[in-house]
Q: 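One structure, pasted below without further comment.
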Amino acid sequence: MSKDNKSGGKSATDPSAKDTHYANLRRAHRDAKRERGEIPTPQPQKRRRGAEDWKPPALAPDQVHLYGLHTVRAALDNPERKKIKLFVTQNALARLEVDVETLGIPFEIVSPQEIDKVLGPEAIHQGVMLETRPLPVRRLEALKDSPLLLVLDQVTDPHNVGAIMRSAVAFNAGAVITTQRHSPTESGVLAKSASGALELIPYIQVTNLADALGELHKLGFSTIGLDSEGPAPLEGTFSGEKVALVLGSEGKGLRQKTRETVNALARLDMPGAIKSLNVSNAAAIALYAARLHLKA
């Protein structure tokens, strides 16, 4: 990427400076509404030029590219995240609202097309990309004081996992635990979908989920698997002061071994015509119900 740290900005006496200021305010307001889900993100089709020919660059095992204003802000604020270099457009730099000179990491002013070459033409990067190292590995033992955990049994879609992370942070869960196989690793797509939540909650990937559930039992957690045909409603299944909710994959649900390992199976009762929910929606409802139990 080419180095260009010239601002190219307008002077205070330029008649168009005021228009630029208000344009930046409108853009920041629109971005904030997108982050909250109040307005849709532009459709990927608008950015498909060259998508067929684009090939992702090879990344080292310890190299992660994060992108998007909210995601990068959260990563920059996270003291546990090792930051390598910031790539940002001149417009995005103003919207990022950070002083790059005091960040303590290299930064480079680039064009949107230069970021496209790294992330692909369909990535909604909003003009900012941060090269980082993965977050430190966390162990289950470190979660013994957390009253609420979320466990995912091979949920494969990083967009779903990111949305689940946001709900987990909102309901103050101690961690999101998932499998190493058939689950998304830490990536720009996962971080963008989590919209900053990846920096706020441990994301722990385990080799054997049944063994991990057994370890949670030893730490005093009551594990409850969500199943559409569970024998009892979720709200009547809670027990104890520490709860780990276990949700299955998007299509197959909980695996048989997981069903046999959890303390209990429970269902979300839905009186309407639709009897199943997206896993991220089910996670949010289950977290809310668990919080009601823990507060009682």
Side-chain angles (χ1 to χ4, degrees), residues 35-37 66 68 70-71 73-75 77-78 80-81 134-180 182-206 209 212-213 215-216 219-227 234-235 237-238 240-250 253-254 258 262 266 268 277-295:
E35 296 287 359
R36 297 194 297 268
L66 305 179
H70 198 70
T71 301
R73 279 194 209 106
D77 288 339
N78 184 1
E80 293 190 355
R81 169 75 69 179
L135 287 167
V137 174
R138 296 286 295 274
R139 305 297 179 189
L140 296 181
E141 176 64 24
L143 307 174
K144 60 184 178 182
D145 296 325
S146 301
L148 178 60
L149 303 176
L150 200 57
V151 182
L152 305 179
D153 185 8
Q154 297 191 349
V155 176
T156 58
D157 188 340
H159 299 91
N160 277 335
V161 175
I164 288 169
M165 279 187 177
R166 285 179 58 82
S167 295
V169 170
F171 289 104
N172 200 29
V176 173
I177 301 166
T178 187
T179 54
Q180 286 185 347
H182 306 295
S183 296
T185 57
E186 186 178 333
S187 68
V189 175
L190 175 62
K192 184 68 164 64
S193 301
S195 192
L198 179 61
E199 310 300 323
L200 301 173
I201 188 170
Y203 181 56
I204 301 175
Q205 294 188 284
V206 297
L209 188 60
L213 291 173
E215 188 172 343
L216 292 180
L219 294 174
F221 284 92
S222 170
T223 57
I224 302 175
L226 271 290
D227 188 289
L234 176 62
E235 58 269 28
T237 308
F238 293 114
E241 299 179 353
K242 298 167 77 172
V243 174
L245 298 166
V246 188
L247 289 90
S249 65
E250 293 89 342
L254 297 174
T258 305
V262 294
L268 292 177
L277 293 173
N278 174 279
V279 64
S280 64
N281 293 331
I285 294 171
L287 285 164
Y288 177 75
R291 271 292 161 202
L292 290 180
H293 161 73
L294 294 171
K295 286 170 58 178

Q: Not counting sequence neighbours, which residues clear side-chain contact (heavy atoms from CB on, under 4.5 Å) with Thr185? List them please.
A: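 side-chain contact (heavy atoms from CB on, under 4.5 Å) check on Thr185 returns Gln205.
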
Q: Please enumerate all residues that pass side-chain contact (heavy atoms from CB on, under 4.5 Å) together with Ala266, with sequence neighbours excluded.
A: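 Here the qualifying residues are Ile224, Leu234, Thr237.
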
Q: Which pairs of donor and acceptor atoms, one on a side chain in residues 280-295, lie under 3.5 Å apart (sequence neighbours left out)?
A:
{"unit_1": "Ser280", "atom_1": "OG", "unit_2": "Asn278", "atom_2": "OD1", "d": "2.5"}
{"unit_1": "Arg291", "atom_1": "NE", "unit_2": "Phe171", "atom_2": "O", "d": "2.7"}
{"unit_1": "Arg291", "atom_1": "NH2", "unit_2": "Phe171", "atom_2": "O", "d": "3.3"}
{"unit_1": "Arg291", "atom_1": "NH2", "unit_2": "Asn172", "atom_2": "O", "d": "2.9"}
{"unit_1": "His293", "atom_1": "NE2", "unit_2": "Gly240", "atom_2": "O", "d": "2.8"}

Q: Considering non-hydrogen atoms only, spot the tightest contact between Ala194 and Met165 and give its length.
A: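 Closest pair (atom of Ala194, atom of Met165, distance): CB-SD, 4.1 Å.
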
Q: Considering non-hydrogen atoms only, spot the tightest contact between Val189 and Pro158 and give its length.
A: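 Shortest heavy-atom contact: CG1-CG, 3.8 Å.
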
Q: Residues in side-chain hydrogen bond (donor to acceptor under 3.5 Å, both in side chains) with His159, at least two apart?
A: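 Counting only residues at least two positions away or on another chain, His159 forms a side-chain hydrogen bond (donor to acceptor under 3.5 Å, both in side chains) with Asp157.
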
Q: Without swapping roles, check the side chain of Lys242 against the backbone of Leu219 for a donor-acceptor pair under 3.5 Å.
A: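 Looks like yes, one N/O pair under 3.5 Å.
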
Q: With Thr179, which residues qualify under side-chain contact (heavy atoms from CB on, under 4.5 Å), at least two apart?
A: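 For Thr179, the residues satisfying side-chain contact (heavy atoms from CB on, under 4.5 Å) (neighbours in sequence not counted) are Gln154, Ser183, Leu209, Arg255.
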
Q: Throw together a table of side-chain donor-acceptor distances under 3.5 angstrom for residues 139-148, partners on residues two or more places apart or in other chains.
A:
none

Q: Quick one: salt bridge (charged side-chain N to carboxylate O under 4.0 Å, His left out) pairs with a partner in residues 278-288, sequence neighbours left out?
A: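 As it turns out, there is no salt bridge (charged side-chain N to carboxylate O under 4.0 Å, His left out) pair with a partner in residues 278-288 once direct neighbours are skipped.
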
Q: For residues Lys192 and Gly68, report the shortest heavy-atom separation together with the two atoms involved.
A: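 Here Lys192 and Gly68 meet closest at CE-CA, 3.8 Å.
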
Q: My understanding is that only residues two or more places apart in sequence, or in another chain, count here; which of them pass side-chain contact (heavy atoms from CB on, under 4.5 Å) with Arg81?
A: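 Expected list: Leu66, Ala75, Asn78, Lys83, Thr132, Leu135, Glu186, Leu198, Glu199.
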
Q: Below 4.5 Å, heavy atoms only, C-beta onward: do Val279 and Ile164 meet side chain to side chain?
A: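 Val279 vs Ile164: side chains touch.
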
Q: How far apart are the closest heavy atoms of Pro202 and Gly174, and which atoms are they?
A: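 Nearest heavy atoms, Pro202 then Gly174: CD-O, 3.2 Å.
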
Q: Of the non-hydrogen atoms in Ile201 and Ala168, which two are nearest, and what is the gap between them?
A: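 Looking at all heavy atoms of both residues, the shortest contact is CD1-CB, 3.6 Å.
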
Q: Does any non-hydrogen side-chain atom of Leu216 lie less than 4.5 Å from one of Ile177?
A: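 With C-beta onward as the side chain, the pair touches.
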
Q: Could you tell me which residues satisfy side-chain hydrogen bond (donor to acceptor under 3.5 Å, both in side chains) with Thr258, sequence neighbours excluded, listed by chain and number?
A: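 Partners of Thr258 under the side-chain hydrogen bond (donor to acceptor under 3.5 Å, both in side chains) test: Asp153.
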
Q: Sort out for me which residue in Leu149, Leu150, Leu226, Leu213 forms a side chain to side chain contact (heavy atoms under 4.5 Å, CB included) with Val246.
A: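 Between Val246 and the candidates, side chain to side chain contact (heavy atoms under 4.5 Å, CB included) is satisfied uniquely by Leu213.
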
Q: Pro134 versus Tyr203: any side-chain heavy-atom pair under 4.5 Å?
A: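 No; the side chains remain at least 4.5 Å from each other.
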
Q: Quick one: does His70's side chain have a donor or acceptor within less than 3.5 Å of a partner on Gly196's backbone?
A: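 No, because the side chain of His70 does not come within donor-acceptor range (under 3.5 Å) of the backbone of Gly196.
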
Q: Check whether any side-chain heavy atom of Leu152 sits under 4.5 Å from a side-chain heavy atom of Val161, and report yes or no.
A: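 Leu152 vs Val161: side chains touch.
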
